[in-house]
Amino acid sequence: MSVTIPMAHVPTSSRMVFAHRGLNHQAPENTMPAFEAAAGAGVQWIETDVDIIADGTPILIHDSTLDRTTNRTGGFYGLTRADLSQIDAGAWFGRDFRGTRIPLLSDLVTFMNEAGVNANIELKAHETGKEGSLRLIGSVLKELENLDPERELIISSFSSLLLAHFHEEAPELAIGMLWESKAMYYDWLSVLEMVGASYIHAEDVDLSPTRMDAFTGAGYGVNVWTVNAPDRVNQLFNWGATGIFTDTADRFV
């Protein structure tokens, strides 16, 4: 695989506020209206999820099925780009969003360049096997070639294998290892080092000052998900968090 990713994508800011799946309380999650609402509110960071369909097109969607956030049911791994125009990803949220489409990763890259916003892109744990997972990585990297150098980017995933492969292909990009609190074991430092992570993306549940000190003391940034209460956001930043993922990012601009 040969890709050319601009080198200036490593985040330099602290106290980052990530609009979780866009500004999802104002517009349907992981759609362009949600991303536009976040940017319009002055939010500098967007969080979204990426997977691929049958023809290798990377799309932005959280679930591995269409049931919850579209007017269709079932999986999307058998779809092609042409099928997406028949899927409504907004009507479930409200009448004003009828006709909203599932966005492509290329749509997000264009939007980031035009709006001057940054993104955390979560690689979904692709479910069709090794070939599909590697294809996901390659497709994402290909789209990121079009990202302007001044835009900042974090690539995250719950899958350490996906992140390790991604880091091998693009070691210049910042990596965030996602963990649920119940799944974080004593080997967390080994995992972070082996995937080439710069950040721990830690679940807010059971996160304590002691654990935060251990993470930051090991030299990692800590971005916490998903935090909506202002007092907790303030507390986490005071503990040394570098960022928070929130459904109400407009409240914390």
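When a residue number appears, it is its place in the shown sequence, counting from 1.
When E47, E122, H62 are each tested for a side chain to side chain donor-acceptor pair (under 3.5 Å) with R21, only one passes: H62.
Smallest separation of non-hydrogen atoms from P28 and A34: O-CB, 3.3 Å. Here the closest non-hydrogen pair linking A249 and V17 is CB-CG1, 3.8 Å. Shown here for P58 and V50, the closest heavy-atom pair between the two residues is CB-CG2, 3.7 Å. The two residues V222 and F215 come nearest to each other via the heavy atoms CG2-CB, 3.5 Å. Nearest heavy atom pair, residue G243 against residue N223, reads N-OD1, 3.0 Å. The two residues S157 and L162 have their closest heavy-atom pair at OG-CD1, 4.1 Å.
Aromatic ring pairs are classed by plane angle as parallel below 30°, tilted from 30° to 60° and perpendicular above 60°; the pair H201 and Y199 is tilted.
Judged by distance alone, the side chain of T246 and the main-chain N or O of V227 form a donor-acceptor pair under 3.5 Å. With hydrogens and angles ignored, the 3.5 Å screen pairs a side-chain donor or acceptor of N113 with a backbone N or O of D148. No side-chain donor-acceptor contact under 3.5 Å links N24 to the backbone of E29. Although no hydrogens or angles enter the test, the distance criterion places no donor-acceptor pair under 3.5 Å between the side chain of T248 and the main chain of R251.
Considering only heavy atoms from C-beta on, N234 stays 4.5 Å or farther from D231 through its side chain. Two residues are said to be in side-chain contact when any heavy atoms from C-beta on lie closer than 4.5 Å; I154 and P11 meet this criterion. In this structure, the side chains of I155 and L144 come closer than 4.5 Å at one or more pairs of heavy atoms. Looking only at side-chain heavy atoms (C-beta outward), D204 and W225 stay at 4.5 Å or farther from each other. Counting heavy atoms from C-beta on, the side chains of T242 and R15 never come closer than 4.5 Å. A heavy-atom distance below 4.5 Å is found between the side chains of D51 and F76. Between I102 and L60 the shortest side-chain heavy-atom distance does not fall below 4.5 Å. Using a 4.5 Å heavy-atom cutoff, the side chains of L108 and T48 are in contact.
The cluster map of Ile, Leu, Val, Met, Phe, Trp and Tyr, joined by side-chain heavy atoms under 4.5 Å apart, puts V43 and F252 in different clusters. In terms of hydrophobic clustering, with Ile, Leu, Val, Met, Phe, Trp and Tyr side chains grouped at heavy-atom distances under 4.5 Å, L104 and I137 are assigned to different clusters. Cluster annotation: I200 and L153 are assigned to the same hydrophobic cluster (Ile/Leu/Val/Met/Phe/Trp/Tyr, side-chain heavy-atom contacts under 4.5 Å, transitive). Taken together through direct or relayed side-chain contacts under 4.5 Å among Ile, Leu, Val, Met, Phe, Trp and Tyr, F93 and I46 form parts of separate hydrophobic clusters. Under the 4.5 Å side-chain heavy-atom criterion for Ile, Leu, Val, Met, Phe, Trp and Tyr, M32 and I61 are members of distinct hydrophobic clusters.
Atoms CD1 and CD1, on I87 and I59 in that order, are 7.5 Å from each other to the nearest 0.5 Å. A distance of 8.0 Å separates CD of Q235 from CG of N238, quoted to the nearest 0.5 Å. In this structure, the separation between CG on L66 and CG on D88 is 11.5 Å, given to the nearest 0.5 Å. With rounding to the nearest 0.5 Å, the separation of CG in L105 from CG in D49 is 11.5 Å. Here S159 contributes atom OG and L123 contributes atom CG; the two are 8.5 Å apart, rounded to the nearest 0.5 Å. To the nearest 0.5 Å, atom CG of residue L84 and atom OG1 of residue T57 are 7.0 Å apart.
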Assess the residue pair D67 and T65 against the criterion (side-chain hydrogen bond (donor to acceptor under 3.5 Å, both in side chains)); give the C-alpha distance rounded to whole Å, side-chain angles, the decisive distance to 0.1 Å, and a yes or no.
CA-CA 6 Å; D67 301 48; T65 67; 3.3 Å; yes
Between L173 and F166, does a side-chain contact (heavy atoms from CB on, under 4.5 Å) hold up when you go through it step by step?
CA-CA 9 Å; L173 295 181; F166 193 97; 3.7 Å; yes
Could you go through the side-chain hydrogen bond (donor to acceptor under 3.5 Å, both in side chains) check for D107 and T110 one step at a time?
CA-CA 5 Å; D107 297 327; T110 298; 6.0 Å; no
Start with the C-alpha gap between T128 and H126, add the side-chain angles, then the distance that decides, and say whether side-chain contact (heavy atoms from CB on, under 4.5 Å) holds.
CA-CA 6 Å; T128 69; H126 189 77; 2.6 Å; yes
Start with the C-alpha gap between R72 and L79, add the side-chain angles, then the distance that decides, and say whether side-chain contact (heavy atoms from CB on, under 4.5 Å) holds.
CA-CA 12 Å; R72 294 274 293 275; L79 301 179; 4.1 Å; yes
Verdict with reasoning, D247 to H20, per side-chain hydrogen bond (donor to acceptor under 3.5 Å, both in side chains)
CA-CA 5 Å; D247 299 312; H20 183 230; 2.8 Å; yes
Starting from the C-alpha separation in whole Å, work towards a yes-or-no answer on side-chain contact (heavy atoms from CB on, under 4.5 Å) for F111 and E36.
CA-CA 8 Å; F111 178 70; E36 291 162 1; 3.7 Å; yes
Exercise answer: donor-acceptor pairs, residues 129-136 side-chain atoms, under 3.5 Å, sequence neighbours excluded:
{"from": "S133", "atom 1": "OG", "to": "G129", "atom 2": "O", "distance (Å)": "3.1"}
{"from": "R135", "atom 1": "NH1", "to": "A54", "atom 2": "O", "distance (Å)": "2.9"}
{"from": "R135", "atom 1": "NH2", "to": "D55", "atom 2": "O", "distance (Å)": "3.4"}

What side-chain donor-acceptor pairs closer than 3.5 Å can you find for residues 175-196, not counting sequence neighbours?
{"from": "S181", "atom 1": "OG", "to": "V205", "atom 2": "O", "distance (Å)": "2.3"}

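For CZ of R68, the number of neighbouring non-hydrogen atoms (other residues, nucleotides, ligands) closer than 6.0 Å is greater than 12.
If you look at F18 and F245, their ring centroids are closer than 6.0 Å. Ring pair F35/W45: centre-to-centre distance not below 6.0 Å.
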